[in-house]
Colleague: 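My questions all concern the structure below.
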Amino acid sequence: SSGINAEYGGSMASETMIQNAKAFLQQESPDSKLNLYDHLCSVMHKILENRTPNSVDLLEALSKEVKTNKFAPAGDPSSDVRPASLEVELANVQNKLFEKPSEDAEPEPEDEVEMPLPDLMDTAHYFEQAGLGLGREETFRIFLALKNLVDTHTLQSVRFWGKILGTEKNYIVAEVEYREGGEEEQEGEEEEEPESQEEQPDEAKEGDDDNLPTPDYKPPPVIPKEETGTGCNKKTYFVCNEPGTEWTKLPPVTPAQIVCARQIKKFFTGNLEAAVISYPPFPGTEINYLRAQIARISAGTHISPVDYYKFEEDDEDDSDGEGRDSFVENVEFEPPRVQELIDPSLSNWVHHVQHILPQGRCVWVNPTVKTETEDFEDEEEEEEREEPDEPVPEHGPPLLNPISEDTEVDSMPAWSAGLTSNLVPQYAAAVLRSNLWPGACVFGLDKKFENLYIGWGHKYTAENYSPPAPAATQEEYPSGAEVTEVPDPTVDEERALQAVQQEQLDREAEEAEMEEDDEDDD
């Protein structure tokens with residue numbers, strides 16, 4: 001019995017020691033709120049579950065991994081799984097640009113239609129010599145993006161117009177021309193929307209039965225926009241924020257948008273739907289403001305060597321180019337020497353984009369001329385109303401006008417000319433930079449030339465921009481004697497006025513009595 005008691009006592013002591021050891025291991029850490037007992041159980045469970053070989057050598061690493069997984073929350077920087085950054089997302093988008101077309105796709109015949117895609121890398125080579133451009137990598141990505149644009153639209157010509165910088169994102173601009181009939185369907189859809197909007201005010205007027213006073217003010221006539229393929233809308237423009245993202249077609253520009261864009265100065269945000277908060281109020285959003293600035297920059301900075309373009313021989317307009325809006329490439333063009341292209345007189349370069357008149361159009365229209373329906377409705381009103389003064393037609397520089405006639409910019413010439421290299425001038429190209437639109441440049445060498453714009457889309461101003469002052473407050477009513485305030489009369493003046501009024505009343509009463517007596521005598 002003594003042996004049994006000793007054995008029983010020994011087992012009880014061992015169990016007590018085990019319970020004490022377990023209790024010690026289960027003590028929580030004040031920092032991590034965990035205990036060693038649970039951690040060792042997790043490590044052993046991981047080893048037995050994965051059957052890890054050489055677990056004794058990896059014990060420390062396994063312990064650290066178990067502890068890291070238990071402490072790392074979702075999205076923790078120490079976690080191996082991290083959300084993709086904007087650079088990674090953009091790389092995934094641009095990765096599609098480098099994918100080869102499938103072998104099953106049938107190649108398009110090259111003989112039937114001329115390839116409109118230009119050799120952008122060759123053009124970038126000359127701008128790179130002058131220290132201009134976007135770098136070879138970005139230029140090549142833009143080159144592939146232009147290729148996608150050509151593959152998805154029926155285009156006659158494509159050109160990399162430039163890059164307009166923004167506060168949040170930038171705009172990559174492509175200038176295109178559609179083939180005949182390629183844009184007719186899209187134009188029809190765009191023209192249907194404004195017609196339905198114009199009918200709403202007329203219906204509201206018909207249902208208004210209240211005899212409310214109508215104002216005499218009539219807004220000035222709306223200047224019609226130029227048709228697609230003419231004037232400011234001669235070219236079509238697509239934009240995107242980064243190569244590989246979706247191209248967005250810009251709408252046609254209106255004269256009102258160009259006139260207002262000349263009076264304001266706003267930075268682009270990179271969001272086409274952003275509001276343009278300015279004074280005067282801009283009629284549209286950033287997509288319209290962007291289109292207006294592109295039209296202004298193109299009209300002022302797109303130049304070419306003299307005689308590179310010529311007017312058609314069948315054109316019967318004026319010989320100086322006024323009134324003409326088209327030209328053809330001169331097959332017999334003989335390129336001037338590079339030294340002639342950088343001549344300070346700047347007589348060897350001409351504008352090949354029409355000048356925009358103050359009206360906001362390239363071709364002036366008379367706003368007082370009405371259509372047949374307007375003449376029929378206002379036939380009676382025109383008889384009573386005086387005829388307004390006839391507006392003076394606006395004229396601007398003709399097409400293919402030399403840049404030597406451009407107005408100076410703050411006592412500087414409109415253009416600065418130079419060579420890409422003064423060390424080896426015999427192999428250098430001519431480069432011209434615009435001082436009126438900083439960021440606009442052009443190179444010329446032999447029969448090659450190209451225009452490019454990289455900037456903020458702002459015109460040069462010698463002084464800081466100051467928005468125009470608000471218009472003067474209109475008068476509420478005409479000022480006359482009947483509404484003009486006069487000083488209050490004195491007591492003597494009031495008594496004298498009462499005496500005069502009383503004498504007049506007495507005189508009228510006597511005359512009335514005399515008339516009654518005469519009637520009685522008769």
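Treat the numbers as computed from the prediction; the structure is a model and nothing was measured.
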Colleague: Tell me, please, which residues at least two apart from Phe160 pass ring pair (Phe, Tyr, Trp, His ring centres under 6.0 Å).
Modeller: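 Counting only residues at least two positions away or on another chain, Phe160 forms no ring pair (Phe, Tyr, Trp, His ring centres under 6.0 Å).
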
Colleague: How about Phe268 and Glu286: do any of their side-chain heavy atoms sit closer than 4.5 Å?
Modeller: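 Yes, at least one pair of side-chain atoms sits under 4.5 Å.
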
Colleague: Please report the interatomic distance CG(Leu272) to SG(Cys240), rounded to the nearest 0.5 Å.
Modeller: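 Going from CG on Leu272 over to SG on Cys240, the span is 10.0 Å.
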
Colleague: Does Ala261 offer a backbone N or O that forms a donor-acceptor pair with the side chain of Arg296 under 3.5 Å?
Modeller: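 It does hold such a pair.
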
Colleague: Relative to each other, are the rings of Tyr289 and Phe282 parallel, tilted or perpendicular (30° and 60° limits)?
Modeller: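 Rings of Tyr289 and Phe282: perpendicular, over 60°.
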
Colleague: If I take atom OG1 from residue Thr248 and atom CD from residue Glu273, how far apart are they, to the nearest 0.5 angstrom?
Modeller: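 Answer for the OG1-CD pair, Thr248 versus Glu273, is 9.0 Å.
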
Colleague: Please confirm whether the backbone N or O of Phe333 pairs with a side-chain atom of Asp307, one donor and one acceptor, at under 3.5 Å?
Modeller: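 Not at all, since once roles are kept as given, no pair shorter than 3.5 Å links the two residues.
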
Colleague: Mark yes or no for whether Gln156, through its side chain, and Glu180, through its backbone, hold a donor-acceptor pair below 3.5 Å.
Modeller: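 Such a contact is absent between Gln156 side chain and Glu180 backbone.
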
Colleague: Rounded to the nearest 0.5 Å, what separates atom CD1 in Ile303 from atom CG in Leu346?
Modeller: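 So the gap between those two atoms works out to 8.0 Å.
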
Colleague: Are Ile356 and Ile258 side-chain neighbours, meaning at least one heavy-atom pair lies under 4.5 Å?
Modeller: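 They are in side-chain contact.
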
Colleague: Where the side chain of Trp349 meets the backbone of Leu341, is there a donor-acceptor pair that is under 3.5 Å apart?
Modeller: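 Indeed, once roles are kept as given, a pair shorter than 3.5 Å links the two residues.
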
Colleague: Do Thr301 and Trp415 come close enough that some side-chain heavy atom pair is under 4.5 Å?
Modeller: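 They are in side-chain contact.
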
Colleague: To check you understand the geometry: which heavy-atom pair defines the closest contact between Pro255 and Arg361, and what is its length?
Modeller: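 Pro255 and Arg361 have their closest heavy atoms at CG-CG, 3.5 Å.
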
Colleague: Spell out, as yes or no, whether a donor-acceptor pair under 3.5 Å connects the side chain of Asn451 to the backbone of Ala440.
Modeller: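 Checked: no pair found.
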
Colleague: To check you understand the geometry: which heavy-atom pair defines the closest contact between Pro243 and Ile172, and what is its length?
Modeller: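 So the minimum-distance heavy-atom pair works out to CD-CD1, 3.5 Å.
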
Colleague: May I ask you to check whether over 12 heavy atoms, not counting those of Lys169, lie within 6.0 Å of atom NZ?
Modeller: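 No, NZ of Lys169 has 12 or fewer neighbouring heavy atoms, counting only those of other groups under 6.0 Å.
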
Colleague: Checking side-chain contact (heavy atoms from CB on, under 4.5 Å) for the pair Val363/Thr230: CA distance, chi angles, key distance, verdict?
Modeller: CA-CA 9 Å; Val363 180; Thr230 61; over 6 Å; no

Colleague: When you measure from the side chain of Asn288 to the backbone N and O of Thr285, does any donor-acceptor pair fall under 3.5 Å?
Modeller: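 Side chain of Asn288 to backbone of Thr285, a donor-acceptor pair under 3.5 Å: yes, one is there.
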
Colleague: Verify ring-ring contact (aromatic ring centres under 6.0 Å, His included) between Tyr308 and His352, making sure each step is shown before the conclusion.
Modeller: CA-CA 10 Å; Tyr308 186 87; His352 59 260; 8.6 Å; no

Colleague: What are the two closest heavy atoms between Pro468 and Pro280, and how far apart are they?
Modeller: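 Looking at all heavy atoms of both residues, the shortest contact is CG-CD, 3.8 Å.
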
Colleague: Let me see the working for Val176 and Leu149 under side-chain contact (heavy atoms from CB on, under 4.5 Å), right down to the final yes or no.
Modeller: CA-CA 10 Å; Val176 306; Leu149 183 63; 4.0 Å; yes

Colleague: Rounded to the nearest 0.5 Å, how far apart are CG of Asn348 and OG of Ser304?
Modeller: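 If we round to the nearest 0.5 Å, Asn348:CG and Ser304:OG are 11.5 Å apart.
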
Colleague: One pair to check against side-chain contact (heavy atoms from CB on, under 4.5 Å): Tyr178 and His153. What are the steps and the verdict?
Modeller: CA-CA 8 Å; Tyr178 281 88; His153 295 77; 3.8 Å; yes

Colleague: Any idea how His302 and Trp161 line up, ring-wise: parallel (<30°), tilted (30 to 60°), or perpendicular (>60°)?
Modeller: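 If you compare the ring of His302 with that of Trp161, the planes turn out tilted.
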
Colleague: So does Gly229 get a backbone contact from the side chain of Asn233, meaning a donor-acceptor N/O pair under 3.5 Å?
Modeller: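 Here the side-chain-to-backbone pair does not exist.
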
Colleague: Decide yes or no on salt bridge (charged side-chain N to carboxylate O under 4.0 Å, His left out) for Arg159 and Glu450, but give the supporting numbers first.
Modeller: CA-CA 10 Å; Arg159 193 181 72 85; Glu450 188 59 67; 2.8 Å; yes

Colleague: Can you check whether Pro413's main-chain N or O pairs, donor with acceptor, with Asn435's side chain at less than 3.5 Å?
Modeller: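 Such a contact is found between Asn435 side chain and Pro413 backbone.
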
Colleague: Is atom CD of Glu463 surrounded by more than 12 heavy atoms (other residues, nucleotides or ligands) closer than 6.0 Å?
Modeller: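 For Glu463, atom CD is not crowded (no more than 12 foreign heavy atoms under 6.0 Å).
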
Colleague: With salt bridge (charged side-chain N to carboxylate O under 4.0 Å, His left out) as the criterion, how do Lys448 and Asp122 come out once you've worked through the C-alpha distance, each side chain's angles and the decisive distance to 0.1 Å?
Modeller: CA-CA 10 Å; Lys448 293 182 179 180; Asp122 180 64; 3.1 Å; yes

Colleague: Under 4.5 Å between any side-chain heavy atoms of Thr123 and Pro118, yes or no?
Modeller: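 Result no, sub-4.5 Å side-chain heavy-atom pair not found.
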
Colleague: So how far is it from Leu134 CG to Ile142 CD1, rounded to the nearest 0.5 Å?
Modeller: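 The CG atom of Leu134 sits 5.0 Å away from the CD1 atom of Ile142.
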
Colleague: Please indicate whether Tyr279 has more than 12 foreign heavy atoms, meaning atoms of other residues, nucleotides or ligands, lying under 6.0 Å from its OH.
Modeller: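 More than 12 heavy atoms, drawn from other residues, nucleotides or ligands, come within 6.0 Å of this atom.
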
Colleague: Looking at every heavy atom in both Ser298 and Tyr237, which two are closest together, and how far apart are they?
Modeller: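 Closest approach of Ser298 to Tyr237, heavy atoms only: OG-OH, 3.5 Å.
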
Colleague: Is Phe443 close to Leu452 at the side-chain level, that is, under 4.5 Å between some pair of heavy atoms?
Modeller: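 Heavy-atom side-chain distance check fails, nothing below 4.5 Å.
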
Colleague: Restricting to non-hydrogen atoms, name the atom on Asp410 and the atom on Ala462 that form the minimum distance, rounded to 0.1 Å.
Modeller: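 Result for this residue pair: OD2-CB, 3.5 Å.
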
Colleague: Tell me, do Val306 and Ser347 make a side-chain contact under 4.5 Å, heavy atoms counted?
Modeller: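 No, every pair of side-chain atoms sits at 4.5 Å or beyond.
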
Colleague: Could you list all the salt bridge (Lys or Arg N to Asp or Glu O under 4.0 Å) pairs where at least one residue sits in residues 132-149, not counting sequence neighbours?
Modeller: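 As it turns out, the salt bridge (Lys or Arg N to Asp or Glu O under 4.0 Å) pairs with a partner in residues 132-149, which skip direct neighbours, are Glu128-Arg136, Glu138-Lys163, Lys147-Asp151.
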
Colleague: Under a 3.5 Å distance rule, please check whether Gln359 uses its side chain to pair with a backbone N or O of Val365 as donor and acceptor.
Modeller: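 Yes, because the side chain of Gln359 sits within donor-acceptor range (under 3.5 Å) of the backbone of Val365.
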
Colleague: Mind checking whether Ile264 and Pro467 have side chains closer than 4.5 Å, heavy atoms only?
Modeller: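 Not in contact.
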
Colleague: To check you understand the geometry: which heavy-atom pair defines the closest contact between Asn271 and Tyr171, and what is its length?
Modeller: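 Heavy atoms of Asn271 and Tyr171 come nearest at N-OH, 3.1 Å.
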
Colleague: Passes side-chain contact (heavy atoms from CB on, under 4.5 Å), Arg433 versus Leu132? Steps please.
Modeller: CA-CA 10 Å; Arg433 295 176 174 86; Leu132 304 171; 3.9 Å; yes

Colleague: What's the spacing between Glu394 CD and Cys362 SG if we round to 0.5 Å?
Modeller: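 Reported value, rounded in 0.5 Å steps: 12.0 Å.
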
Colleague: Under 3.5 Å, is there a donor-acceptor pair between the side chain of Lys447 and the main chain of Pro335?
Modeller: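 Absent.
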
Colleague: Quick one, Leu117 and Phe143 - any side-chain contact, counting heavy atoms below 4.5 Å?
Modeller: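 In contact.
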
Colleague: Check whether the side chains of Glu177 and Ser157 place a donor and an acceptor atom closer than 3.5 Å, and report yes or no.
Modeller: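 A pair is found: one side chain offers a donor N or O, the other an acceptor, under 3.5 Å apart.
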
Colleague: Given Pro336, which partner from the list Glu340, Glu334, Gln339 fulfils the side chain to side chain contact (heavy atoms under 4.5 Å, CB included) test?
Modeller: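 It is Glu340; the other options fail the test.
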
